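Here the structure is laid out as structure tokens; the discussion comes afterwards.
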Amino acid sequence: MARCLAFMLLVLISSLISTVGLPVEPPAELLQLGDVAGGGRLSVDASDVREASRDFGGLARAEPVAVFQPRGAGDVAALVRAAYGSARGFRVSARGHGHSISGQAQAPGGVVVDMSHGPGAAARAGARALPAYSSALGGHYVDVWGGELWVDVLNWTLSHGGLAPRSWTDYLYLSVGGTLSNAGISGQAFHHGPQISNVYELDVVTGKGEVVTCSEAQNPDLFFGALGGLGQFGIITRARIALERAPQRVRWIRALYSNFAEFTADQERLISLGAGGRRFDYVEGFVVAAEGLINNWRSSFFSPQNPVKLSSLKHHSGVLYCLEVTKNYDEDDAESVDQDVDALLGELNFLPGTVFTTDLPYVDFLDRVHKAELKLRAKGMWEVPHPWLNLFVPASRIADFDRGVFRGILGGRTAGAGGPILIYPMNKHKWDPRSSVVTPDEEVFYLVAFLRSAVPGAPESLEALSRQNQRILDFCAEAGIGAKQYLPNHKARHEWAEHFGGARWERFARLKAEFDPRAILAAGQGIFPPPALVSDS
Ligand code: FAD
């Protein structure tokens, strides 16, 4: 009965939106909806609407008419069915944790589904699915709600069997559905692949409002389409995540290079080491100015316990490159970890005397960026605009990229970049070619991430940083670098077609027509023309 009521109310909303058109002030009928017993809640509270209108990037702002707070997949399906069945359709966007840069989770004039609600909330009260073992899959897994944050997944699986997901992002306060709609990458990706390579099964609410279970064997088009699919084919309401036994501790090492070719040769050698022998568990790196050596998010390493007294660096000016690696271990293996680390480091060509080591619990390592977040929040520097640019660059052109961008456009000064610049390679064979994510056509490619903050009053203004992004993109295009945007942000249809490339674009458009024929979902990505704005009517 309650479900029926919820559905009828949703149909009412959809007909209001589609036939009458909502004025700026929501009509009384909409305001009266309030809580729907046993189902989702449609909120028009100013604070909910305001929150759903913004994101981490702070560059785009678009108001939905309402924010939907589901209690489960059935509620999400009812909302999408209402949008699909309405005369004109209306936009529906899932919002994970709002960590997009350019409005990708927004639904101008439509409804934002706040995925932080859902069974995740009930699960926090004790009804969450336990990790399980599958002999068919050959390992452990856990089923989680699509709006769950990775940090909560980690805490849950650790406390139930000492298990943890295998593949990560650097920051854990991102939602499962949000990162699976992109790829989800960090320094483990060279070995485990991105997060989308570590999922066994999904429940997806398609743009027709159907809840479809999919996997490699069952509805594979939807499964692989949704992985890296930028939310275009459905809303992920459940994901079956692969788990491994969690190590207890991490040896975390950084070492500096002045020679880019040596830096990338060492990174590429490290990611080529196979599972059987000695290898690091995480390989990343970043670009750093010799005169600074401290960058705002990652400075804790070069702390009073680890002072930067690098006499070997006094002749260096301009850009340095910092390799960042880790070795996981259990307390029982503490002795052998030293031998493994020494042997691996012994083959690398970093600058003598520039190795910094720290040792910490595994969870603290995984959650490292959160500490920086808290510091930035305390200074009011988390809420500033973030004109980030993330690129995948083929390994064969990474030296050209260094010359043209780090030494060229940035002029050897990372200070002008407005934040950290990450650079690390990955192995393409760990990425399933059937997924929707786009990567360069080479076995090894790099993530280069410009994690910029436009702090008011700083010389690196939003305009200056955005201009620099455009210069980098122009350089890549003119030099034929073959780079692809990660967390892509394109404006025109032909840019999206070029981003995906011939056959992949055709497939993407075909899946859109099949699973979201009215282009209701994730219109904030700006890929397919969405239903007209309510106010257009
Ligand atoms: P949102 O921004 O809310 O949504 C992103 C897109 O996915 C939107 O189009 C939305 O409609 C869609 N979506 C959301 N939930 C669902 C769902 N359940 N089903 C279908 N579609 C959905 N990325 C990495 O890969 N590695 C990193 O190390 C990394 N670090 C980051 C650190 C910070 C501080 C920030 C802000 C971002 C970082 N990211 C990283 C980027 C992150 O992966 C993206 O922002 C991603 O969008 C996840 O954020 P979110 O969960 O808040 O999703």
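Note that the structure is a prediction, hence the values are computed from the model and not measured. Whatever order the structure lists them in is the order used to number ligands and atoms, beginning at 1. Side chains are part of it too, since the values below use all heavy atoms of this structure and drop only hydrogens, waters and symmetry mates.
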Exercise for review: Nearest 0.5 Å please: distance from the CD atom of Glu268 over to the CG atom of Asn427.
Suggested key: 9.5 Å
Review point. Are a donor atom and an acceptor atom from the side chains of Gln267 and Tyr321 found within less than 3.5 Å of each other?
Key: no
Exercise for review: Can you label the angle between the Phe528 ring and the Trp505 ring as parallel, tilted or perpendicular, going by 30° and 60°?
Suggested key: parallel
Review point. Do His191 and Gln188 have side-chain atoms, one donor and one acceptor, less than 3.5 Å apart?
Key: no
Revision key, fill the gap. Rounded to the nearest 0.5 Å, the CZ atom of Phe263 sits from the SG atom of Cys322 at a distance of 7.5 Å
**Study point:** Under-4.0 Å heavy-atom contact with ligand 1, by part of Trp168 that carries it
**Key:** neither
Check your understanding: If you measure every N/O of Met115 against every N/O of ligand 1, is any gap under 3.5 Å?
Key -> no
Check your understanding: Just heavy atoms, cut-off under 4.0 Å: does Gln195 contact ligand 1 by side chain, backbone, both, or neither?
Key -> neither
Check your understanding: Which option out of Tyr486, Trp150, Tyr171 puts a heavy atom nearest to atom 23 (N) of ligand 1?
Key -> Tyr486
Exercise for review: Just go through Gly178, Gly98, Gly103 and tell me whose heavy atom is the nearest to atom 15 (N) of ligand 1.
Suggested key: Gly178
Check your understanding: Side chain or backbone of Trp382 under 4.0 Å from ligand 1, or both, or neither, by non-hydrogen atoms?
Key -> side chain
Practice item. Could you pull out, from Ala239, Ser181, Gly57, Ser93, the option with a heavy atom nearest to atom 22 (C) of ligand 1? Key: Ser181
Review point. Mind checking whether His97 and His99 have parallel, tilted or perpendicular rings, split at 30° and 60°?
Key: parallel
**Study point:** Atom indices of ligand 1, in the order listed, that fall short of 4.0 Å to a heavy atom of Asp170
**Key:** 27 (C), 28 (O)
**Study point:** Geometric class of the Phe401/Phe406 ring pair [parallel <30°, tilted 30-60°, perpendicular >60°]
**Key:** perpendicular
Check your understanding: Backbone or side chain, does any N or O of Trp388 fall under 3.5 Å from an N or O of ligand 1?
Key -> no
Review point. Will you find, in the side chains of Trp150 and Thr179, an N or O donor that is under 3.5 Å from an N or O acceptor?
Key: yes
**Study point:** CG-CD1 distance between Leu473 and Ile481, expressed to the nearest 0.5 angstrom
**Key:** 12.0 Å
Practice item. Would you indicate which of Leu521, Thr169, Ile101, Ile235 comes nearest to atom 24 (C) of ligand 1 when only heavy atoms are counted? Key: Thr169
**Study point:** Min N/O separation Ala94 to ligand 1 under 3.5 Å
**Key:** yes
**Study point:** N/O separation below 3.5 Å, Phe56 to ligand 1
**Key:** no
Check your understanding: Will you find, in the side chains of Thr213 and Glu201, an N or O donor that is under 3.5 Å from an N or O acceptor?
Key -> no
Review point. Does any N or O atom in Ile185 lie less than 3.5 angstrom from one in ligand 1, N or O only?
Key: yes
Point to revise | Check: Ser186 N/O within less than 3.5 Å of ligand 1 N/O | key: no
Study note, to complete from the structure: Note: heavy atom closest to atom 47 (O) of ligand 1, options Asn182, Val204, Leu230, belongs to Asn182
Check your understanding: Of the choices His97, His386, Arg95, Gln104, which has the non-hydrogen atom that lies closest to atom 8 (C) of ligand 1?
Key -> Gln104
Check your understanding: So, Phe356 versus Trp252, ring centres under 6.0 angstrom or not?
Key -> no
Check your understanding: Quick one: which ligand 1 atoms are inside 4.0 Å of a heavy atom on Gln525?
Key -> 6 (C), 8 (C), 9 (O)
Review point. Could an N or O of ligand 1 be found under 3.5 Å from any N or O of Thr179, whether backbone or side chain?
Key: no
Review point. Within 45° of the ring axis of Tyr141 and under 6.0 Å from its six-membered ring centre, is that where the NZ or CZ of Arg240 lies?
Key: yes
Check your understanding: Is the closest heavy-atom distance from Pro194 to ligand 1 below 4.0 Å?
Key -> no
